[in-house]
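Take a look at the structure below.
Ligands are counted one by one from 1 in listed order, and the atoms in each one are counted from 1 as well.
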Amino acid sequence: MPNISNKGRNMPESPIRKLVPFAEAAVKKGKKIYQLNIGQPDIETPKAALDAVKNNNIEVLSYSHSAGFESYRTKLAQYYRKNDIPVDAEDIIITTGGSEALMFAMGSITDPGDEVIIPEPFYANYNGFATASGVEIVPIKGSIEDNFSLPPISEFEKLITDKTRAILLCNPGNPTGYLYTREEIQQLADLALKHDLFIVADEVYREFAYDGVKHHSIMSIPGLEQNAIMVDSVSKRYSMCGARIGCLVSKNLEVMTAAMKFAQARLSPPTFAQIAAEAALDTPDEYFDEVNKEYTERRNLLIEGLDKIPGVKVAKPKGAFYCIAELPVENADKFAQWLLESFEFNKETVMVAPAAGFYSIPNTGMNQVRIAYVLKKENLERAIEILKIALEEYNK
Ligand SMILES: Cc1ncc(COP(=O)(O)O)c(C=O)c1O
């Protein structure tokens with residue numbers, strides 16, 4: 001039998017999805033599962049986006065331009081300018097989700113063997129994108145004690161080699177919920193300029209910033225135009241994960257020219273979904289006020305609930321809709337599996353994402369889980385109660 005590639009062998013499985021077979025088996029046994037493991041919001045998609053697909057009169061579902069509809073890019077640039085991100089339509093390539101934008105970014109700025117520095121824990125699929133591009137992730141560890149704020153710049157500087165091409169930042173952070181301050185972004189920008197590096201900022205959770213704290217985009221730092229690359233998506237902003245629309249944004253013409261060749265190779269982003277995403281831009285600000293209020297309440301409920309469970313330590317998130325929690329268990333992977341396979345309370349259990357997969361330093365985050373607060377408050381409350389009971393039983 002022919003061999004598969006080393007790359008294929010080395011592709012990491014998603015820590016978020018790897019417990020799915022155990023969850024499916026639990027459901028078959030009649031258990032109800034509160035899913036705290038995946039960032040799938042339960043918020044309704046704006047009606048305008050859904051109506052735009054229902055009510056259009058397309059007769060041929062054709063390819064679009066490889067960079068995406070011009071009308072969409074023009075309207076998107078207006079949305080960015082309203083958010084202090086001074087870009088034009090030609091600085092944007094529409095992609096099949098933020099995921100493809102991350103692939104295009106890696107493909108455009110790295111060669112096999114190059115290094116990208118990433119504060120960890122980080123969005124687990126960065127591991128997969130790096131493997132696919134033959135790129136080495138150089139992690140820099142954040143700590144739960146200081147809520148996963150930016151590690152000292154001197155620590156970043158120690159990691160820079162002649163192979164370093166970029167720093168990849170997720171702001172607000174998945175899985176940490178950390179929202180970088182303007183000073184932290186500026187420090188990174190200064191470092192990137194000093195060492196001639198790119199900063200790739202994954203800002204797909206931009207709208208999810210709580211407690212009145214403002215989100216600062218990498219694109220709004222004057223002087224960083226040639227080094228800054230932004231990855232974005234409609235998945236979370238409009239609760240449109242299934243649309244599969246994102247974008248890559250940069251003022252750097254060489255980066256965009258390279259990315260455009262990747263975009264041409266896959267022909268175009270999905271047509272119907274672009275129609276929906278373009279219409280979603282008309283979503284009134286009140287939608288985000290409502291969503292923000294809902295997530296703030298969910299976050300408060302979750303953090304207060306977790307704080308009350310003996311032995312649980314949690315970093316308070318300021319953005320996105322995740323938190324990292326340290327549990328009084330040795331191996332959160334085993335505990336998460338046990339929750340699905342062996343535990344139930346009144347035929348109910350919870351599903352969490354073991355956090356080790358969000359780190360690339362081996363044996364790190366072994367007793368941590370990522371919790372997504374994407375459930376309605378009453379369900380979230382119940383899930384926390386069940387988690388507390390499960391921990392007591394597990395540690396008996
Ligand atoms: C930090 C981060 N970046 C990128 C993505 C990719 O999102 P999508 O491909 O749905 O736009 C996700 C999805 O969960 C994410 O959490």
Side-chain angles (χ1 to χ4, degrees), residues 12-18 20 35-43 45 49 68 72 76 92-107 116 118-130 132-133 137 139 142 148 166-180 199-209 215 217-218 229-249 259 262-263 266 269-270 273-274 276-277 280 295 317-324 352-353 355 357-360 370-374:
E13 55 179 355
S14 160
I16 306 160
R17 291 174 181 252
K18 74 177 181 184
V20 167
Q35 292 205 319
L36 302 174
N37 61 312
I38 191 161
Q40 168 62 62
D42 63 354
I43 304 287
T45 304
Y72 177 35
L76 195 53
I92 303 172
I93 293 176
I94 306 301
T95 54
T96 307
S99 306
E100 191 179 62
L102 282 158
M103 297 279 270
F104 286 1
M106 290 240 188
V116 174
I118 313 183
E120 74 169 22
F122 53 75
Y123 175 51
N125 284 330
Y126 295 161
N127 277 320
F129 301 138
S133 300
I137 289 182
F148 299 105
I167 295 168
L168 171 51
L169 201 67
C170 187
N171 184 31
N174 171 9
T176 63
Y178 189 74
L179 189 62
Y180 290 96
I199 297 188
V200 180
D202 179 339
E203 301 186 1
V204 307
Y205 295 96
R206 176 178 315 108
E207 265 75 18
F208 304 89
H215 173 265
S217 173
I218 199 68
I229 300 172
M230 180 174 82
V231 167
D232 205 356
S233 169
V234 303
S235 289
K236 318 290 162 160
R237 177 170 311 135
Y238 304 113
S239 198
M240 281 172 65
C241 292
R244 311 308 306 130
I245 291 289
C247 63
L248 183 76
V249 185
F262 287 94
R266 64 75 163 109
Q274 285 186 83
Y295 276 114
K318 289 260 185 209
F321 34 68
Y322 308 97
C323 73
I324 289 281
V352 291
F358 296 88
Y359 289 88
S360 65
R370 185 193 74 170
I371 294 179
Y373 42 100
V374 289

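- Side chain to side chain, Arg370 and Asn174 meet the donor-acceptor criterion of an N or O pair below 3.5 Å.
- The pair Glu100-Arg266 meets the salt-bridge criterion, since a charged nitrogen lies less than 4.0 angstrom from a carboxylate oxygen.
- Closest non-hydrogen pair, Pro317 versus Cys323, comes out as CG-CB, 3.8 Å.
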Name each N or O atom in ligand 1 that is under 3.5 Å from a protein N or O, and give the partner atom and the distance.
unit_1: ligand 1; atom_1: 3 (N); unit_2: Asp202; atom_2: OD1; d: 3.4
unit_1: ligand 1; atom_1: 3 (N); unit_2: Asp202; atom_2: OD2; d: 2.6
unit_1: ligand 1; atom_1: 9 (O); unit_2: Gly98; atom_2: N; d: 3.3
unit_1: ligand 1; atom_1: 9 (O); unit_2: Ser99; atom_2: N; d: 3.0
unit_1: ligand 1; atom_1: 9 (O); unit_2: Ser99; atom_2: OG; d: 2.5
unit_1: ligand 1; atom_1: 9 (O); unit_2: Arg244; atom_2: NH2; d: 2.8
unit_1: ligand 1; atom_1: 10 (O); unit_2: Ser235; atom_2: OG; d: 2.7
unit_1: ligand 1; atom_1: 10 (O); unit_2: Arg244; atom_2: NH1; d: 2.7
unit_1: ligand 1; atom_1: 11 (O); unit_2: Gly98; atom_2: N; d: 2.6
unit_1: ligand 1; atom_1: 11 (O); unit_2: Ser233; atom_2: OG; d: 2.6
unit_1: ligand 1; atom_1: 11 (O); unit_2: Ser235; atom_2: OG; d: 3.2
unit_1: ligand 1; atom_1: 14 (O); unit_2: Lys236; atom_2: NZ; d: 2.9
unit_1: ligand 1; atom_1: 16 (O); unit_2: Asn174; atom_2: ND2; d: 2.7
unit_1: ligand 1; atom_1: 16 (O); unit_2: Tyr205; atom_2: OH; d: 2.7

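- Take Phe321 and apply the ring-ring contact (aromatic ring centres under 6.0 Å, His included) test, not counting sequence neighbours, and it matches Tyr205, Phe208, Tyr295.
- Residues satisfying the ring-ring contact (aromatic ring centres under 6.0 Å, His included) criterion with Tyr180, sequence neighbours excluded, are Tyr178.
- In terms of the ring-ring contact (aromatic ring centres under 6.0 Å, His included) criterion, Phe358 has no residue partners (sequence neighbours excluded).
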